[in-house]
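One structure is given here, and the rest of the page talks about it.
Reckoned from all heavy atoms, side chains included, excluding hydrogens, waters and symmetry mates.
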Amino acid sequence: MEYHFKEIEKTWQAYWAKHKTFAAKDGGDKPKYYVLDMFPYPSGAGLHVGHPLGYIASDIVARYKRHKGFNVLHPMGYDSFGLPAEQYAIQTGQHPKITTEQNIARYREQMDKIGFSFDWDREVRTSDPEYYKWTQWIFIQLFNSWYNKQTQQAEPIETLIQYFETKGFNCKLDDTLTGDIEHELPAFTANEWKQFSEKQKSDVLMNFRLAYLGEAYVNWCPVLGTVLANDEVKDGVSERGGHPVERKLMKQWSMRITAYAQRLLDGLDGIDWTESLKEAQRNWIGKSEGCSLKFTIQNSTETIEVFTTRPDTIFGVSFVTIAPEHELVNKITTAQQKQLVDDYVTKAKNRSERERQADITKITGVFTGAYVLHPFTGNQIPVWVGDYVLAGYGTGAVMAVPAHDERDFRFAKHFSLPITQVIEPTISHDFEKDAWGEKDGVLINSDFLNTLPVKQAIKRAIEEIEKRGFGKGKINYRLRDAVFGRQRYWGEPIPVYYKNDIPYVLSENELPLVLPEVDKYLPTEDGEPPLARASSFKKDGEYAYEFSTMPGWAGSSWYFLRYMDPKNSQQFVNKDLANYWQNIDLYIGGSEHATGHLLYVRFWTKFLKDRGYIPVDEPAKKLINQGMIQGRSNVVYKVVGVWGGSNLTEEESEEISNVISKLPELFISKGHYDVITKYNNLVESNTPIDEEFRNKYNYISNEIEKKQEEYYKSTKSKIPKDDFWFSLGINSLVTQNVDVNIVQNDILTIEAFRKWRKYYENAEFILEDGKYICGVIDNEKMSKSKYNVVTPDSICEKFGADTLRLYEMFLGPLEQSKPWNTNGITGVHGFLKKLWRLFYQTGSFSVSDEAATKAELKVLHKTIKKVIEDIERFSFNTSVSTFMICVNELTDLKCNKRAILEPLLICLSPYAPHIAEELWKQLGHQDTITFEPFPECNESYLVDDSFNYPISFNGKTRFNLELAATLSPQEIESLVMAHENTIKYLDGKPVKKVIVVPKKIVNVVL
RNA sequence: GCCCCGGUGGUGGAAUUGGUAGACACGCAGGACUUAAAAUCCUGUGGCGGCAACGCUGUACGGGUUCAAGUCCCGUCUGGGGUACCA
């Protein structure tokens, strides 16, 4: 009987669904194991073969852990709010809900065909009101919390109110507070607090809430009509669609993720994520230690506060630069400079982020006319405005030390400002050409800091600055608070309403706040978000709800918790269940989420832990980034027919175009194309062409001429024959993409090609070796227009899901990106057929109950050992090889023994579950193979009696020598030295020493 | 610029702690079976030389450490990813 994968796979997929084989139990004696994939956004294009890569890997681990006796939670769901469905709705009017449901159905159908062991009863969808009810609920908890710096955790807002009621508030004294509000919030006493109006209280508390309404510079995308997060902007344009983005000051709901900056940094040390991913997060958080320092403005009580990491260079300050957006720009600018400064500021503001980034070498700035006083020397220091200083980072002002900072140096040179060296570098350095920015050297020209090395000077400077009250040691983060509102329709409504201009959150029993129906999915004529179109979208029919919706990352920041308790209508997750499942043991997904999703989900997890809802403060213990599978396109090379007659009548021209349009297309194989291209290049560059190569070219050109003749005859045209030819000129061969699904091993399936498009119906080919070989373009994105999309369904149809699973793993290391290429798939498919034949050696199913031989046991246990090792280190490609070796060896041994084949099937079942189940059943088992204990390696079968030693001389292996494993190194040495080959290679030379590494190598040093 | 990860046959890749480089698979060449095709099986396959035994050479390049280096160290080139007037 043949291996009929289609029936087998259909049968077992139905069996698993019917028996709910993969349903996770909430508790029990088994240890738990939680394997999670980053859930997909269900796009209209469906899944291509790249998407399941990570799912297959996680599925192998999930199934392996079930064999290992774990209670495995392996769920799947959909991140189903998002822009594409909304854009589609804008174009077609179809409700995004419907689009989303259709896409989900398609995704599900595709995933089911691959045989994943997901617990589908736990499916979640972020756009489901029963789900986003709890996303809204978490928002409310964030709104009702503040971050206490002393306890280093989030607390209920009530504790802060109590604090205000008893102690009032003074930002100069209270270290308790979060964010940058030390600069902004005026002090008040406990009594004043009690006198505050509700609005005043609300405004004050807004500075502390973890979800807050605040004014901030945001990335505004006019084309999309919405605000974008930093990680949604790439190179100054929107990540989705590539539309320009500008900076705009807006009132926005935001998340105070900055409060967690230090903990997000520290938490990285305790989790097993790749170093590159941790680095990306560290960079994103961007911690820098230094101090804040106030410069008093001359003839004023105002100060400019700067942040610097180099307080040691304080005596080298020659000017201060503030950002164009800085609030003091207007106040300090002198009358003479006003016009210049105003012009500059306007220009700078209109310059998009992209432009600013584009020409960083272009130095612009303008003097304000104002001076500040140096805190130590009292010297006058000019204040400049320059757009190299960013309003959003630090205090939006810098003290410029041109001798020791690259950008300050360029600025000073450009405007001829003084440059004062205050550090003597460790190596010679030309201060005319360059700044010395290294934290190395000894301080000079610096009063009390003189003679100190830089690192000590930094400490000493901060001490002195603090002592004299000029500023204080401070840590700055690059991380910004996350903007939480989007002016879009297809997202979670923010559960907030406004009463007397005060925002209030809904109470729990009012959730979910369901997305209202609207007539159009566009902003209103007044520029309000789409939700403003729903006239009845008001609390109690009276108070307007917030019109912004949540960003894409809201629902995904906690979904891993919902899988633990997906149907709970009372809580987002039951506490006992959260305690049982803890966090994700293995999380697999793409590296594109390094600074977006993975930062936000860590933030929300820490918050929920702080508030006592869950027991863990990191979402995932171990994380693997699967590589991207890129497209690989195939192309065919078309030869174009040309009519070259001159002085044609109109009639003739018409006939020509008529005839040409009816001619069959002619294609030449890749080898021919290469020859012609090379030939053309040689001719072009006047390079001499050798005989052999010219012959090759002539052969092809003759072949084409024959076709030409044929074509000409078939047209029965009156036009002279010489006027018609196929052009082989340098630019006249046309490269056309061809559907990769009708190409096998880069060989075009000609029949399929002729059927593929009507106009290729009669296509003709000039073959090489009887085949049409296509060209290849690697590393393109998979896209419809390139005809290089390969769906998992098409592979399942041709080769089966087990082949797809094995092949995707066999392609290479999981974490590596690679182009999709079906070339080797027959090898993997052949392996499964070979496995099948082990059970059908006699033609029908037959398995022997005889005891296994030593050789057979060795093959089996070698395989078990390797497969366990490989899974534990997530090296799935090598275990596929191991299975191949195993089956090859068992085939050589003609082994059909149950004692060998049964354990082998269990080992293979995580990788190729359908065939394993089927053969397991044929072996007479009633139950699924899923929970069979994974075989254990018995080392005693692996012990060899002898070892084949490579004998090397000065590190070069010369011959091999089979020696008993029990020999001592001394015995080995004397046997080797006495061997005739040794004597031959020594050639009478003296031996310096002999290295014997048991069971590895013998090296004779001459 | 800075940070991270890579560079191994015609191709994808293996070599886990420094110990026979190229496992496994594709492709290619030759052969068996077959009317033929498919399927299956066998042999060979880094390069150079040689009928062969075998020799030389070889993991981007140049050095170094070591009895021994794809693996460790230094420098250079190069590909990919992240990030940036971040003070």
Is any NZ, NE, NH1 or NH2 atom of the basic residue among A:D870 and A:K866 found under 4.0 Å from an Asp or Glu carboxylate oxygen of the other?
-> yes
How far does the C1' atom of B:G18 sit from the matching atom of B:G70, given to the nearest Å?
-> 11 Å
Who pairs with B:C77 - Watson-Crick or G-U, where each distance is under 3.5 Å | B:G7
Searching all strands shown, indicate the nucleotide that pairs with B:U40 (Watson-Crick or G-U wobble; both distances under 3.5 Å).
-> B:A32
Gap in Å between the two C1' atoms, one belonging to B:A15 and one to B:G46, rounded | 16 Å
Looking only at atom P, what distance separates B:C73 and B:U66, rounded to whole Å?
-> 16 Å
Provide the distance between the two P atoms, one in B:A68 and one in B:A21, to the nearest whole Å.
-> 14 Å
For A:K771 and B:C28, is the shortest distance between a side-chain N/O and OP1 or OP2 below 4.0 Å?
-> yes
Per nearest nucleotide of RNA chain B, the residue lying toward the 5' end, A:K999 or A:V880, is A:K999
Length of the CZ-C1' vector between A:F883 and B:A25, whole Å | 16 Å
Syn within 90° of 0, anti beyond: B:G9 is syn
Take atom P in B:C33 and the same atom in B:G19, then report the distance between them in whole Å.
-> 46 Å
Is the shortest side-chain N/O distance from A:N877 to OP1 or OP2 of B:A14 below 4.0 Å?
-> yes
Quiz item: A:K866 side-chain donor-acceptor pair to B:U16 base, under 3.5 Å = yes
Does the side chain of A:R478 get closer than 4.0 angstrom to OP1 or OP2 of B:U83 through an N or O atom?
-> no
In the structure shown, which nucleotide is the Watson-Crick or G-U wobble counterpart of B:G27, with both distances under 3.5 Å?
-> B:U45
Which value, in whole Å, describes the distance between the P atoms of nucleotides B:G10 and B:U65?
-> 32 Å
P gap between B:U76 and B:U57, integer Å | 29 Å
Pick the C1' atom in B:A87 and in B:C4, then give their distance to the nearest Å.
-> 24 Å
Side-chain N or O of A:N888 closer than 4.0 Å to phosphate OP1/OP2 of B:A25 | yes
When you check the gap from the basic side-chain N to the acidic O, do A:D269 and A:R282 get nearer than 4.0 Å?
-> yes
Between A:Q816 and B:G13, does any side-chain N or O lie under 4.0 Å from OP1 or OP2?
-> yes
Summarise protein proximity over nucleotides 54-71 of chain B in one line of letters, 5' to 3': B for base, S for sugar-phosphate only, - for none, counting protein heavy atoms closer than 4.0 Å.
-> -SSS---------BS---
Report yes or no: is there a donor-acceptor pair, N or O only, under 3.5 Å between the side chain of A:R410 and the base of B:C85?
-> yes
